[in-house]
S.K.: 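Attaching a single structure in structure tokens format; questions to follow.
Chain identifiers are assigned alphabetically (A, B, ...) following the order of the sequence lines, protein sequences preceding nucleic acid strands; residue numbering begins at 1 within each chain. These figures come from a predicted structure and were not determined experimentally. Hydrogens, waters and symmetry mates are skipped; everything else that's a heavy atom, side chains included, is used.
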Amino acid sequence: MPIASLTTGVIARIMHGEDVAQPVLQVLGIKRINTNSEQERYRLLMSDGKYYNSYAMLASQLNEMQQKGMLSENTIVRLDKYMTSMVGKEGTGKRVLIVTELTVLNSGDEVKSKIGEPVTYENAAKPAAEATPAAVSAPPKKEPMYNNNSSNNNNNNNDKMNGTMNSTLNAGLTHPIASLSPYQNKWVIKARVTAKTAIRTWSNARGEGKLFSMDLMDESGEIRATAFKEQCDKFYDLIEVDNVYFFSKCQLKPANKQFSQLKNDYEMTFTGETMVQLCEDAENEGIPEVKFDLVPISQVASMEDKATVDTIGICKDVGELQTFTSRTTNKEFKKRDLTLVDMSNSAITLTLWGDEAVNFDGHVQPVLMVKNGRINEFNGGKSLSMGGGSRVKLNPDIPEAHKLRGWFDNGGGDNISNSVSARTGGGSFSTDWITLKEARMRNLGSGDKPDYFQCKAVVHIVKQENSFYKACPQSECNKKVVDEGNGQYRCERCNAAYPNFKYRLLVNMSIGDWTSNRWVTCFNEAGEQLLKHTAQEVGDALENDQAAAEKIFSDINFSSFIFKLRCKNEMYGDMTRNKLNVQSLAPINYKEYNKHLIKELKEMTGIGPAN
DNA sequence: CCCCCCCC
């Protein structure tokens, strides 16, 4: 590669405020800055062959280039994106150059030496008519700003800041969120509010107050912003989720990763000088909407405990508000459980917390779209809980939501066959993958308590005979009834006779995985899941329409599922038999199943990537 | 300057 020529003298122009596209510079040195946090920051000594600038910073998203050794001494680079800003107190501050995008044109080894005899740019004579940055001029106000409150009597200062922001906006000079850092404070971002918390109060040894926080997003990334006390009151009503705003004059600080899952090393705090201005729809171009990777509820059953998931469903049932005291923290919590259903004919519990639980009105059975719902496994069932980065959207205006609405309003939710959150008594740990052969070899089910495991298996034979029974119509009683032959059905448990009964399923079938095959029993709910028909439909078909029954049963032959099985020795007279009951079955989620296979392969061979 | 997301 020929050695690229430097843009001679450009550093003086840039540092006096001129915006020069793609200057070519030489790196004369780079070193890590000591910061209070663990954040890595690098300071560059850059030369244009005539001048050098020792106050250049590498934006943290470019740290990797330094770590890879791409920015060694003498390297020639092209600055594709950069900005300058004042650091430190007005008047005494230094102007720094922040590099956010760069391309290496020649490696340091290639160039070998320093080009020219550069001197500090501060020795350069300022241009006669200095190109003033647009941001410092004060054009007339364009729109009302939500800026300092009136208690700040420095009105001049306010006007200047209004001018600053508007003129920057007029010039289209907003900054990408990814470029924000504590090292420069003159910026305006244009960002969509993707989430907003309720106002929360705190009281601790260091004082008390209130706050709310919000998540902001643009094309380059996302950041959390928090407004305390006065700012909390001032901005809470103004900020609406999904709107796009211009923000400026917030304080940046390193994000505490323990509490934030947003992809940003920093977070920001509103200050007395913070300005927020609504950006009208017409100007929103390029600011992305939140993406929801919607997964059918049925699939959550085969996802990992503690993972997060996006899903959408109808709020079919709303639980009462519950209050309890945490045993570990002694704190009181409020929660409300909702039941979401979708067209996978599956139901899942979603738990709301705090004010969201108190204020939730689900009696109109709205559509709920959940972003980053946290999966909790409990006793073999999976439920969703709102936590850290979770958010929920009511009746979103998207095709999926309208489809669900139509489905549900036409009775779609009446025959939910799969309850993802149903507890199967499996303990709070996640279910182990065990093959059918291993289950035998390990004598699973021989202890006092049943054993639970899951496996991928194919349906071999489903027995039609005795696959259903007539049960007591009382909702809490599923006891088999005796047909008295006079149109009455007697339940021994309730000691009562009824004119009706309900069908219940008790399906025996042979399933096989790659190691072995076993006869297993599906009780009612699992049976409905398996046969994809309600017990009523199956019973009707078996009693009245043999051809329909034949189809229901043959349709599922050789289908594969992830089976969750309960294994227990049971006594039949003086015989002990090892019984397997199907707790639930789910379509194979290949992504999750492959994860399990890869893990197994790695354990067997010791070969493979970490994790 | 918050920072808990719990329970069965």
S.K.: Which residue pairs pass the side chain to side chain donor-acceptor pair (under 3.5 Å) test with at least one member in residues 307-319 of chain A, sequence neighbours excluded?
M.R.: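 The answer is A:Asp310-A:Lys371.
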S.K.: Considering only residues two or more places apart or on different chains, which pairs with a residue in residues 331-363 of chain A satisfy ring-ring contact (aromatic ring centres under 6.0 Å, His included)?
M.R.: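 Output for this query lists A:Phe324-A:Phe333.
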S.K.: Each nucleotide in nucleotides 2-8 of chain B should get exactly one letter: B, S or -. Can you fill that in based on protein heavy atoms under 4.0 Å?
M.R.: BBBBBBB
S.K.: What residues form a ring pair (Phe, Tyr, Trp, His ring centres under 6.0 Å) with A:Phe212, not counting sequence neighbours?
M.R.: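 Expected list: A:Tyr236.
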S.K.: For A:Lys568, check salt bridge (Lys or Arg N to Asp or Glu O under 4.0 Å) against everything at least two apart and list the hits.
M.R.: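 With neighbours one apart ignored, the set is empty.
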S.K.: Please enumerate all residues that pass salt bridge (Lys or Arg N to Asp or Glu O under 4.0 Å) together with A:Arg391, with sequence neighbours excluded.
M.R.: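 For A:Arg391 the salt bridge (Lys or Arg N to Asp or Glu O under 4.0 Å) partners, ignoring immediate neighbours, are A:Asp215.
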